[in-house]
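First the structure, in the form of structure tokens, and then the observations on it.
Worth knowing before you read on, the calculation uses all heavy atoms, side chains too, and leaves out hydrogens, waters and symmetry mates. A note on names: the letters A, B, ... follow the listed sequences, proteins ahead of strands, and every chain is numbered from 1.
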Amino acid sequence: MKKEIIIAGFGGQGVLSMGKIFAQSALMEDFEVTWFPAYGPEQRGGTANVTVIVSDERISSPIISQFDVAIILNQPSLERFESAIKPGGILIYDGYGINTPPERKDISIYRIDAMDTAATMDNVKSFNMIVLGGLLKVLPIVKLENIIQALRETLPSRHHHLIPMNEEALRKGMEIICPVHTL
Amino acid sequence: MTQENKEGKYVLLKGNEAIAMAAIRIGCDGYFGYPITPQSEILETLCLEKPWETTGMVVLQAESELASINMVYAGGATGKRVMTSSSSPGVALMQEGITYMAGAEIPGVIVNVQRGGPGLGTIQPSQSDYNQSTRGGGNGDYEVIVLAPASVQEMADFVETAFDLAFKYRNPVIILSDGIIGQMMEKVMLPPFKARKTAEEIATLYPWAATGRDLKRKNNIFTSLDLDQERHERHNIHLQKKYAEIKENEVLYEEIMTEDAEYIVIAFGSAARIAQKSIEDFRKEGIKVGLFRPITLWPFPTKQIARLAEKTKGMLSMEINAGQMVQDIRLAVEGKTPVYHYGRMGGMVPTPEEISDAIKNLLIKE
């Protein structure tokens with residue numbers, strides 16, 4: 001099993017930390033894992049992306065140009081990465097701010113309205129955990145309880161009181177993700 | 001950012017974080033550095049971990065790279081395990097200190113997490129300091145041992161390797177990484193904790209060190225200056241003998257699927273990781289391409305490459321630069337097989353597909 005995943009959106013959306021928590025939970029399930037961010041002058045408001053590779057064998061290149069799964073959180077990222085998904089792959093996108101929805105017919109497409117849902121929850125910062133919940137539903141390669149454990153291990157202890165809220169967001173994401181076009 | 005490592009468990013860390021965590025664990029005495037992307041997490045992690053409260057390791061943000069390397073000069077002269085880190089333009093500033101260390105035979109570790117040049121260049125990854133590291137930007141006939149990690153695990157492991165070599169040979173050692181290995185996260189097993197050497201241990205192990213003489217012996221004086229040219233030539237001959245010994249004993253490399261390979265790709269550090277993926281793709285098609293990865297860039301695995309050259313149809317040097325290591329490969333191969341180069345510059349990183357095209361177009365040509 002090897003999954004090559006790109007997560008792309010605006011800086012400040014929690015793209016890198018979402019990737020990190022996913023990578024941490026994959027590590028806890030004894031997978032090999034690489035996490036490589038675009039580390040340019042990305043910042044709040046700019047674009048940000050991270051490549052996460054999860055495999056049961058040693059991973060050679062952390063740099064890849066074709067992905068099994070793309071999680072797309074804004075229009076510029078959709079334009080950049082829709083064509084980089086392998087045929088038969090998966091595209092998950094947040095509908096918020098997407099003017100031109102994805103059109104490919106040779107991949108499975110899921111929509112998750114995480115931005116709108118986060119606005120109705122107590123903490124809008126739970127946005128990235130809603131999206132991660134959606135990924136977990138579509139690609140259940142790590143267990144939910146290991147994501148919770150990964151949160152516990154990666155968050156400083158002063159933020160541990162936020163873990164129940166993040167768990168709720170993860171479950172919400174699993175609930176609200178919906179197929180647009182599946183193979 | 002960082003996290004506690006439960007003993008004997010894998011943790012997820014950036015390459016830069018792994019360097020810092022490993023330094024604390026292997027008994028490093030001091031770190032002196034000045035922030036620069038893409039390696040600032042080394043200093044940041046050390047500040048978060050506060051090793052001065054646990055192992056007693058000193059961590060200091062110096063006022064500049066020049067100050068950092070000269071602090072390493074001084075710390076190394078007292079027999080302490082001290083290090084600095086920077087990225088390409090910062091390491092360029094350190095070249096004077098490095099040649100002085102080589103001349104005065106002072107051990108120390110310099111980490112270079114490379115970015116694109118020349119000049120201030122870019123913050124994106126590059127391998128264009130191969131010549132800076134192996135040829136030296138400093139003056140005089142000197143050599144620096146250069147280790148090139150290709151994974152976060154090797155970032156952690158090579159800190160101790162570097163210190164061991166630095167003290168074995170009383171010579172500066174460079175860990176030549178880049179923005180890819182520095183910024184990426186992988187799982188890593190950190191080295192076990194080792195106590196820092198005590199003053200008594202240092203005085204016994206390193207009689208050359210400036211440890212305070214208590215009127216029992218002559219002063220240990222560190223200088224790279226000697227106005228007596230005959231004596232200075234003798235010193236140079238001594239250094240060259242030491243370098244020959246290092247060349248003989250310390251070459252490190254990794255071979256992947258080279259045994260039956262008709263074509264060989266040679267790459268170091270992050271480039272080797274990317275190249276490996278395209279080699280795996282060729283193997284799926286039944287095309288016998290292998291990967292040779294120099295781990296020490298100086299001493300360079302000249303003999304090993306010369307041996308491979310005798311049984312291959314061609315070699316491709318894949319570097320994220322304009323073609324620097326390729327010169328050492330050609331010197332090793334001595335025309336026995338054609339040697340090509342493929343690379344990107346200025347912070348651009350090649351994809352595995354690009355490398356596959358280069359292997360097809362330059363090497364296989366069918």
Side-chain angles (χ1 to χ4, degrees), chain A residues 2 4-7 16-43 48-67 84 86 142 146-147 149-160, chain B residues 1-6 9-16 37-41 48 113 115 122-125 150-153 179-188 256-257 267 270-281 283 291 293 320 344 347-356:
Chain A
K2 185 178 187 184
E4 298 171 324
I5 302 166
I6 178 112
I7 310 171
L16 300 190
S17 49
M18 187 195 324
K20 184 179 169 182
I21 289 157
F22 184 67
Q24 174 71 35
S25 55
L27 177 146
M28 287 160 52
E29 300 198 12
D30 289 329
F31 286 112
E32 297 292 323
V33 54
T34 65
W35 174 100
F36 182 66
Y39 69 86
E42 279 83 1
Q43 54 193 342
N49 71 69
V50 62
T51 302
V52 179
I53 306 177
V54 176
S55 173
D56 42 26
E57 282 170 27
R58 182 179 158 181
I59 299 164
S60 48
S61 179
I63 311 275
I64 45 172
S65 52
Q66 295 285 306
F67 306 94
K86 295 176 195 171
V142 296
N146 279 332
I147 298 224
Q149 186 57 29
L151 277 168
R152 211 164 281 138
E153 295 198 7
T154 49
L155 285 176
S157 46
R158 67 178 187 279
H159 290 147
H160 279 195
Chain B
M1 177 66 66
T2 64
Q3 51 193 305
E4 284 289 311
N5 176 35
K6 297 184 192 78
K9 267 185 88 175
Y10 281 107
V11 288
L12 186 70
L13 290 176
K14 282 189 172 192
N16 289 336
T37 306
Q39 64 81 55
S40 296
E41 292 88 354
L48 284 166
V113 183
R115 57 190 249 179
T122 170
I123 63 174
Q124 297 300 326
S151 63
V152 174
Q153 185 65 56
I180 298 170
I181 305 291
Q183 290 297 324
M184 75 187 278
M185 283 192 186
E186 283 187 298
K187 70 178 194 182
V188 51
I256 296 169
M257 295 182 277
S270 59
R273 295 284 295 270
I274 308 172
Q276 196 186 330
K277 167 120 174 158
S278 54
I279 284 158
E280 288 162 4
D281 293 344
R283 287 280 169 169
L291 176 69
R293 175 170 77 96
I320 312 178
R344 296 291 299 266
M348 291 301 291
V349 174
T351 62
E353 289 79 9
E354 249 181 278
I355 298 171
S356 296

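- Both the backbone and the side chain of B:Pro125 come within contact range of chain A, with heavy atoms under 4.5 Å apart.
- Only the side chain of B:Glu353 comes within less than 4.5 Å of a heavy atom in chain A; its backbone stays farther off.
- In this structure, B:Val152 and B:Gly15 approach most closely via the heavy-atom pair CG2-N, 3.7 Å.
- Both the backbone and the side chain of B:Ile180 come within less than 4.5 Å of a heavy atom of chain A.
- Contact of B:Glu354 with chain A is not made at all, since no heavy-atom distance falls under 4.5 Å.
- Put simply, of A:Val33, A:Asp30, A:Val50, the one with the most heavy-atom pairs under 4.5 Å next to chain B is A:Val33.
- Looking only at atom types and distance, the side chain of B:Gln183 has a donor-acceptor partner in the side chain of B:Glu41 under 3.5 Å away.
- Counting heavy atoms from C-beta outward, B:Lys187 and A:Phe31 have side chains that stay 4.5 Å or more apart.
- The closest side-chain donor-acceptor pair between A:Ser60 and B:Glu280 falls under 3.5 angstrom.
- With a 4.5 angstrom heavy-atom cutoff, A:Ile63 touches chain B via backbone and side-chain atoms both.
- Using a 4.0 Å cut-off between a side-chain N of Lys or Arg and a carboxylate O of Asp or Glu, A:Glu4 and B:Lys277 qualify as a salt bridge.
- For the residue pair B:Gln276 / B:Arg273, no side-chain donor-acceptor distance below 3.5 Å is found, with atom types taken as modelled.
- Of the two parts of B:Thr37, only the side chain, counted from C-beta on, holds a non-hydrogen atom closer than 4.5 Å to a non-hydrogen atom of chain A.
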